[in-house]
**Student:** 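I have a structure I would like to understand better, so I am pasting it below and will then ask my questions one at a time.
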Amino acid sequence: MSKPESLGGSRASALLCADPTDYVVTVPMNFTYDDAPGMKGLDAWIAEGDAAGEPCSGQEWWFITYGVLPVFVPGCRLYVVCEDYLRGYAPITRIMFDQNSVRNGKSHLAFIREGGAVAVTIDEKITGFRGYRRRWWNRSDEIPFPDWKTAGRRRKQMVEKWNLRNGTDT
C-alpha cells in the first residue's frame, strides 16, 4: 500500500455516535500465514495471533481487502466469517487505505485491530464473500460461541477426504 492514509485517533473521535458501523469480512478457506506452514483457512488465521480468548499481544493485525472507503467510528467492530459461521469480532482501531490506487471510488484498504477479540455467532449460515459488508443483524442477536475454533470442521474434513479420494486439491 503506497502512502496510506489512516482513519483513527482524533479525527475519528469527532465521528463518535451511539450506534457504530460494524463490518463483516470472510477469511478465505485458502488463507495462509507464513509462520504456520501447512495450515490453511481458519487454522492459519487462528495461528496468526490474538484470537478470541487469547491475551492481547500488543501487535496490530491487518485484514486487507478492497472496496469503497468505509466510515470509521470509534467502537466499530470487525466481524469474521469462516467456513459458513460467524466466528466473532474484534474492535477496529483504525482503517488504512491506499489513496494513490483509488479507481471508481474503490481502493485497497485494511481494517486494523489489536487484541480484544470476542467469540460470538448468530443463528444463520453465512456464505463467504469478497470484500466487506456492513453488519446486517442486530447486536442483540449475537450469542456466545465457545466452540468457535471447531464448529463446522466436520464438513471441511469430509470435503478434504472426498478431494483426496477423487484426486483434487482444496
Side-chain angles (χ1 to χ4, degrees), residues 1 4-36 39-98 107-126 128-153:
M1 300 175 88
E5 292 288 323
S6 176
L7 293 181
S10 61
R11 180 177 168 193
S13 297
L15 300 174
L16 188 61
C17 68
D19 185 23
T21 302
D22 297 328
Y23 300 100
V24 185
V25 294
T26 300
V27 173
M29 290 186 72
N30 65 352
F31 172 79
T32 58
Y33 175 54
D34 291 341
D35 290 342
M39 292 184 178
K40 287 186 177 182
L42 183 61
D43 294 326
W45 181 68
I46 291 169
E48 194 175 51
D50 284 354
E54 293 181 1
C56 179
S57 69
Q59 185 169 344
E60 286 188 328
W61 301 100
W62 293 33
F63 192 100
I64 299 171
T65 189
Y66 186 83
V68 175
L69 179 63
V71 174
F72 176 80
V73 178
C76 289
R77 295 174 176 179
L78 181 63
Y79 288 86
V80 175
V81 172
C82 191
E83 297 178 20
D84 300 329
Y85 286 91
L86 173 65
R87 302 288 173 167
Y89 69 87
I92 301 171
T93 56
R94 59 195 167 109
I95 298 173
M96 300 284 290
F97 66 99
D98 186 351
S107 178
H108 291 98
L109 57 103
F111 292 99
I112 301 173
R113 70 172 188 89
E114 294 176 1
V118 177
V120 297
T121 196
I122 57 175
D123 188 19
E124 176 183 333
K125 176 184 174 187
I126 304 173
F129 53 87
R130 292 177 186 227
Y132 71 90
R133 297 180 182 171
R134 289 189 62 181
R135 175 182 43 85
W136 59 88
W137 61 89
N138 293 319
R139 283 185 173 182
S140 61
D141 294 336
E142 298 168 11
I143 54 175
F145 196 15
D147 61 339
W148 70 274
K149 290 182 180 181
T150 57
R153 304 320 296 267

**Student:** Do Tyr33 and Asp43 come within less than 4.5 Å of each other through their side chains, counting heavy atoms only?
**Tutor:**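 Result no, sub-4.5 Å side-chain heavy-atom pair not found.
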**Student:** Can you measure from CD1 (Ile95) to CH2 (Trp62) and round to the nearest 0.5 angstrom?
**Tutor:**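 Reported value, rounded in 0.5 Å steps: 12.0 Å.
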**Student:** Ignoring hydrogens, what is the shortest heavy-atom contact between Phe129 and Gly131? Give both atom names and the distance.
**Tutor:**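 Heavy atoms of Phe129 and Gly131 come nearest at CE1-O, 4.0 Å.
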**Student:** Which residue is it: Val120, Asp123, Thr121? I am looking for the one with a side chain to side chain contact (heavy atoms under 4.5 Å, CB included) to Ile143.
**Tutor:**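 Single side chain to side chain contact (heavy atoms under 4.5 Å, CB included) partner of Ile143 among Val120, Asp123, Thr121: Thr121.
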**Student:** Any side-chain heavy atom of Trp45 sitting closer than 4.5 Å to one from Cys82?
**Tutor:**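 A side-chain contact under 4.5 Å is absent here.
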**Student:** Just by modelled atom types, is the Ser107 backbone N or O under 3.5 Å from a matching donor or acceptor in the Asp98 side chain?
**Tutor:**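 No; zero donor-acceptor contacts below 3.5 Å.
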**Student:** Do Val25 and Phe111 have side-chain heavy atoms sitting under 4.5 Å apart?
**Tutor:**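 In contact.
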**Student:** When you compare the side chain of Thr21 with that of Pro70, does any pair of heavy atoms fall below 4.5 Å?
**Tutor:**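 Pro70 vs Thr21: side chains apart.
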**Student:** Please name the pair of heavy atoms, one in Trp137 and one in Glu142, separated by the smallest distance, quoted to 0.1 Å.
**Tutor:**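 Closest approach of Trp137 to Glu142: NE1-OE2, 3.1 Å.
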**Student:** Between Phe31 and Glu48, does the side-chain contact (heavy atoms from CB on, under 4.5 Å) criterion hold? Intermediate values first, please.
**Tutor:** CA-CA 11 Å; Phe31 172 79; Glu48 194 175 51; 3.8 Å; yes
**Student:** Going by the ring pair (Phe, Tyr, Trp, His ring centres under 6.0 Å) test, name the single residue among Trp148, Tyr23, Trp136, Tyr89 that passes it with Tyr79.
**Tutor:**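 Of the listed residues Trp148, Tyr23, Trp136, Tyr89, the ring pair (Phe, Tyr, Trp, His ring centres under 6.0 Å) partner of Tyr79 is Tyr89.
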**Student:** Are the side chains of Thr32 and Lys40 in contact, using a 4.5 Å heavy-atom criterion?
**Tutor:**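 Of all side-chain heavy-atom pairs linking Thr32 with Lys40, at least one is under 4.5 Å.
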**Student:** For the side-chain hydrogen bond (donor to acceptor under 3.5 Å, both in side chains) test, which of Arg139, Arg77, Arg133, Arg134 pairs with Asp22?
**Tutor:**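 That would be Arg139; it is the only one of Arg139, Arg77, Arg133, Arg134 passing the side-chain hydrogen bond (donor to acceptor under 3.5 Å, both in side chains) with Asp22.
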**Student:** For the residue pair Leu109 and Val68, what are the closest heavy atoms and their distance?
**Tutor:**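 Heavy-atom minimum between the residues: CD2-O, 3.8 Å.
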**Student:** Please confirm whether the backbone N or O of Leu42 pairs with a side-chain atom of Arg87, one donor and one acceptor, at under 3.5 Å?
**Tutor:**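 No, Arg87 side chain to Leu42 backbone: no donor-acceptor pair under 3.5 Å.
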**Student:** Return the minimal non-hydrogen interatomic distance between Pro91 and Gly116, and the atom names on each side.
**Tutor:**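 Smallest interatomic distance, heavy atoms only, reads CD-O, 3.5 Å.
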**Student:** Nearest 0.5 Å please: distance from the CD1 atom of Ile112 over to the OG1 atom of Thr93.
**Tutor:**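 One finds 6.0 Å between CD1 of Ile112 and OG1 of Thr93.
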**Student:** What closest approach, in Å, do Met96 and Arg94 show between heavy atoms, and which atom pair accounts for it?
**Tutor:**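 In terms of heavy atoms, the two residues are closest at SD-NH1, 3.1 Å.
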**Student:** Could you grab the distance from atom CD1 of Ile126 to atom OH of Tyr85, nearest 0.5 Å is fine?
**Tutor:**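 Separation between the atoms: 11.0 Å.
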**Student:** Please assess Phe145 against Leu86 for the test side-chain contact (heavy atoms from CB on, under 4.5 Å), listing each intermediate value before the final yes or no.
**Tutor:** CA-CA 9 Å; Phe145 196 15; Leu86 173 65; over 6 Å; no
**Student:** How close do Val118 and Ala52 get, heavy atom to heavy atom, and via which atoms?
**Tutor:**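 Scanning both residues completely, I find the closest heavy atoms to be C-CB, 3.9 Å.
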**Student:** For Arg113 and Asp50: C-alpha separation, side-chain torsions, deciding distance, then whether side-chain contact (heavy atoms from CB on, under 4.5 Å) applies.
**Tutor:** CA-CA 10 Å; Arg113 70 172 188 89; Asp50 284 354; 3.8 Å; yes
**Student:** Using side-chain contact (heavy atoms from CB on, under 4.5 Å), reason through Val24 and Val81 one step at a time and then give a plain yes or no.
**Tutor:** CA-CA 7 Å; Val24 185; Val81 172; 3.7 Å; yes
